[in-house]
**Student:** 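After the structure tokens below, expect a handful of questions from me.
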Amino acid sequence: LICTAVYAKRQEVKPLKIVHTECQVLVVGGGGAGVIAAISAAREGARVTLLNQGPVARTGLTVMAGGGIQVVGGQRDPRDSIDMHFEDLVVRGHYLGDQNLIEVVTQEAPERCGELEKYGAKLVPVNFFRGETLKTTEAYGHSFPRGYFLHGSAMMKVLRKELLRHPEITVLEDYFTYRLLTGNGSVGGALCLDMRKGEFVVIRSPAVVLATGGAGELYSLTSNWPQKISGNARGTGYALALQAGAKLVDMEMTQFYPATPVGPPAIWGIHSGVMEDIVPNAGAKVLNKNMEEFLEFPLVRDRTARSIYREIREGRGTPAGGVYVDVTKSDLPQAGNIIKERVPAYKQYKSLGIDITEGPFEVAPSFHFQIGGVRINENAETSLSGLYAAGEVSGNTHGANRLAGSAVPELLAFGDRAGRNAARRAAKEKAPETDSGQVQEEMDKVERWCRSKKAGVRTHELRDRLGKTMYSQVGVSRTAQGMTQAVEEIERLKSELPQIQVSDQPVFNLGWVDAKEMELMVETAKTIAFSALIRKESRGAHYREDYPTTDYQNWTKHIVLEKKGEQLQHTVEPVKITRIKPPETKQ
Amino acid sequence: MTAKRITLKAYRFDPLKDPKPTYKEYEIPLSGSMSVLMALEYVYEHMDETLAFRRYCCGTSRCNSCLMRVNGKKIRACSTLVQEGKPLVVEPPDGYRVIKDLVVDFSEGKEGVLKEDEETA
């Protein structure tokens, strides 16, 4: 750390401390995409700094990844091929994914899997997963069972070890990114909060890789924040990028998982494979409050989510706001044993006093994956010079539907590309002088939040309101009227941000994270609602009651957002097609 | 009927300013099932915004971010239920430097190998 400047004007709050440092490649986010980007950048010879909001491998969304890695690797069905994988991703993504990006994922992810193995990961070929071929593969949207199984937490442990083997990478844990800094039309680093010291840190760099993950916590129910404790899925990266001048694409594409627990409270949001194992394999019944079955088979994610949502919305939901899943009503005598063997969450639920083989629990559709995001090209470059993006925060790979087991291949392929290309840029370019007003603006906000003291609002109240609005109005099933109301509520929330109240104690002040996250969440939420209003059709994850069909003639197009001053502006742009032409007629 | 309540006694320590650790008690309502991590979140959101803990939950007992000592025993706060009528003393896990309150520096394990990996693999 080169110099220390004490920043103090106001008397009411303690002075905020700012320190300055620099590096060649700054990686924001220490999940799978970020760690791989850091390693790849270091291999290219760059001095890298990686920031993570908590300890690497103990926080972030990759830790929660269920384990599917769908790639055409060494173990494959003889009928399968990389071309067929490409076709699956294009077609099942409803032709909205950029095909040049899908080429990268399908061609390069198998090689990256090989690297994971070299680092010590134990990839289990899917064909031999639990001694059998997965029965549900077809519902997942893949033509063949392909690829590997490796739980995200196991992958992150291996990646952490590899990360720490590189002396040229500085790993800063418990760092929260407040703002991307820009100058001369390029990114030039970031302003972060070192939570351990309670100091703000300006890190200058000519290249920044954004790898901040998804946005589940914008919604009141998500598989991304078990027990309503943060899973680092507050969608901050989208707003950081937008604010810095980068473009977002197809933000309305928000994937819902059909059935995540909402009750009893201790298992709220803890993902359990209801529609992979508990219902299809163990034969559990899904029932509304009148104990009626209503699901249609086969279980296709989006259709199942909508049908559960309809029961809840039309007043046939359970006390916790879901529907029942009841294993005891299964026709299979061995249902309980199937659950005990196959459902990883069984033990977790049991330790929380809930035995799902002995009585019903309640589930509802939950936000699962933010498909839209920061627009990238095949080099993982965003539209902002010097800024790269990889993993869930990036936008135009999966199109309108992210197939099961496809999040990890994406982060492997583009994490690597982002890191390598960022390093190449850093070898040629210097960080631009960034506008010091940007830092000052953020410091002013923190001081204001500290000064609000007891009179102000608490962030969790705003977050609850945002979550309920997004879930009910910009969720599983959408209308223009609902989304317009959501935009109004988002604007109200935005106007209340200055009244947020936080403590002024610097060390590990969660409020300093929460308040800024709330601001960024509101910004990101607005892009989703805004974009969803523009897309006047239904496609994949985006379902509109007022436009229920897919309009291939007019809407196989990206909705691209950009910020001009305080205004969001959109353009409608073509999807990149390399090999497979989308259907042209209205369906 | 009066609502059920539990008393959570939390370890508080800011090494940069406190001469020694103290304990603070919080009385919180108990409705339905609640994990220790949920109880801490309740305290942070509704009672004391200065309480620091690792506020992350993978929900599957894999990340060990919420490793703590509860009633003297090392546990994961996300997968341990609070129980009415029982004492609830929450402290940071042994063997790590305390950053603040219940937050410790996990990076101090040997060569970045998390100490509990073997226990939880």
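Order of the sequence lines sets the chain letters (A, B, ...), proteins ahead of strands, with each chain counted from 1.
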**Student:** Using 0.5 Å steps for rounding, measure from the CG atom of L102(B) to the CZ atom of F508(A).
**Tutor:**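 Atom-to-atom, L102(B):CG and F508(A):CZ are 10.5 Å apart.
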**Student:** Looking at SG of C58(B) and CG of N224(A), how far apart are the two atoms once the value is rounded to the nearest 0.5 Å?
**Tutor:**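 It is 12.5 Å, given to the nearest 0.5 Å.
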**Student:** Can you tell which part of L16(B) gets under 4.5 Å to a heavy atom of chain A, answering side chain, backbone, both or neither?
**Tutor:**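 Side chain only.
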**Student:** With a 4.5 angstrom heavy-atom cut-off, which part of I229(A) approaches chain B: side chain, backbone, both or neither?
**Tutor:**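 Both parts, heavy atoms under 4.5 Å.
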**Student:** Identify the heavy atoms of R62(B) and P344(A) that sit nearest to each other, and give their distance.
**Tutor:**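 Shortest heavy-atom contact: NH2-CB, 4.3 Å.
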**Student:** Any side-chain heavy atom of R55(B) sitting closer than 4.5 Å to one from D514(A)?
**Tutor:**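 They are in side-chain contact.
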**Student:** At a heavy-atom distance under 4.5 Å, which candidate from H46(B), R54(B), E41(B) has the highest pair count against chain A?
**Tutor:**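 If we count pairs closer than 4.5 Å to chain A, R54(B) comes out on top.
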**Student:** Report which part of D174(A) has an atom under 4.5 Å of a heavy atom belonging to chain B: side chain, backbone, both, or neither.
**Tutor:**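 For D174(A), the side chain is the part near chain B, not the backbone.
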**Student:** When rounded to the nearest 0.5 angstrom, what distance separates CG in N232(A) from SG in C57(B)?
**Tutor:**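 The SG atom of C57(B) is 11.0 Å from CG of N232(A), to the nearest 0.5 Å.
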**Student:** Taking the six-membered ring of Y56(B) as reference, does the NZ or CZ atom of R58(A) fall below 6.0 Å from its centre and within a 45° cone about the axis?
**Tutor:**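 Output no; distance or angle outside limits.
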**Student:** Using distance only, find each side-chain donor-acceptor pair of residues 27-39 of chain B under 3.5 Å and give its atom names and separation, not counting sequence neighbours.
**Tutor:**
residue: E27(B); atom: OE2; partner: R5(B); partner atom: NE; Å: 2.8
residue: S33(B); atom: OG; partner: A266(A); partner atom: N; Å: 3.0
residue: S35(B); atom: OG; partner: Q227(A); partner atom: OE1; Å: 2.9
residue: S35(B); atom: OG; partner: L37(B); partner atom: N; Å: 3.4
residue: S35(B); atom: OG; partner: M38(B); partner atom: N; Å: 3.1

**Student:** Under a 4.5 Å heavy-atom cut-off, does chain A meet the side chain of C66(B), its backbone, both or neither?
**Tutor:**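 Neither part.
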**Student:** Over all heavy atoms of both residues, which pair between S79(B) and Q348(A) is shortest? Give the atoms and the distance, please.
**Tutor:**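 The pair with the smallest heavy-atom distance is CB-NE2, 3.5 Å.
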**Student:** I need the residue from Q53(A), H151(A), H271(A) with the largest number of non-hydrogen atom pairs under 4.5 Å to chain B.
**Tutor:**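 Most heavy-atom pairs within the cutoff with chain B belong to H151(A).
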**Student:** Can you tell me how far apart CE (M156(A)) and SG (C63(B)) are? Round to the nearest 0.5 Å.
**Tutor:**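 If I round to the nearest 0.5 Å, the distance is 11.5 Å.
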**Student:** Using every non-hydrogen atom in the two residues, find where I99(B) and V507(A) come nearest and quote the distance to one decimal.
**Tutor:**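 Nearest pair, atom of I99(B) first, then V507(A): O-CG1, 4.0 Å.
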**Student:** Mind checking the OG-CG spacing from S503(A) to L51(B)? Nearest 0.5 Å is all I need.
**Tutor:**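 Answer rounded to 0.5 Å: 11.5 Å.
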**Student:** Which atoms of K228(A) are under 4.5 Å from chain B, going by heavy atoms: the side chain, the backbone, both sets, or neither?
**Tutor:**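 Backbone only.
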**Student:** Once rounded to the nearest 0.5 Å, what's the spacing between atom CD of E45(B) and atom CD of E461(A)?
**Tutor:**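 If I round to the nearest 0.5 Å, the distance is 9.0 Å.
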**Student:** Using a 4.5 angstrom heavy-atom cutoff, name the option from L510(A), V63(A), V513(A) with the most pairs to chain B.
**Tutor:**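 Greatest number of close heavy-atom pairs with chain B: L510(A).
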**Student:** Do you know which of R165(A), K350(A), H460(A) has the most heavy-atom pairs under 4.5 Å to chain B?
**Tutor:**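 Looking at each of R165(A), K350(A), H460(A) in turn, H460(A) comes out on top.
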**Student:** Heavy-atom pairs under 4.5 Å with chain B: which of L163(A), L352(A), I270(A) has the most?
**Tutor:**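 The candidate making the most pairs under 4.5 Å is L352(A).
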**Student:** Counting only non-hydrogen atoms closer than 4.5 Å, does I354(A) touch chain B with its backbone (N, CA, C, O), its side chain (CB onward), both, or neither?
**Tutor:**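 Only the side chain of I354(A) comes within 4.5 Å of chain B.
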**Student:** Check whether R196(A) gets within reach of chain B through its side chain, its backbone, both or neither, counting any heavy atom under 4.5 Å.
**Tutor:**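 When you check distances to chain B, atoms from both the backbone and side chain of R196(A) fall under 4.5 Å.
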**Student:** Is there a donor in the side chain of Q505(A) and an acceptor in the side chain of T50(B), or the other way round, less than 3.5 Å apart?
**Tutor:**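 No, T50(B) and Q505(A) have no side-chain donor paired with an acceptor closer than 3.5 Å.
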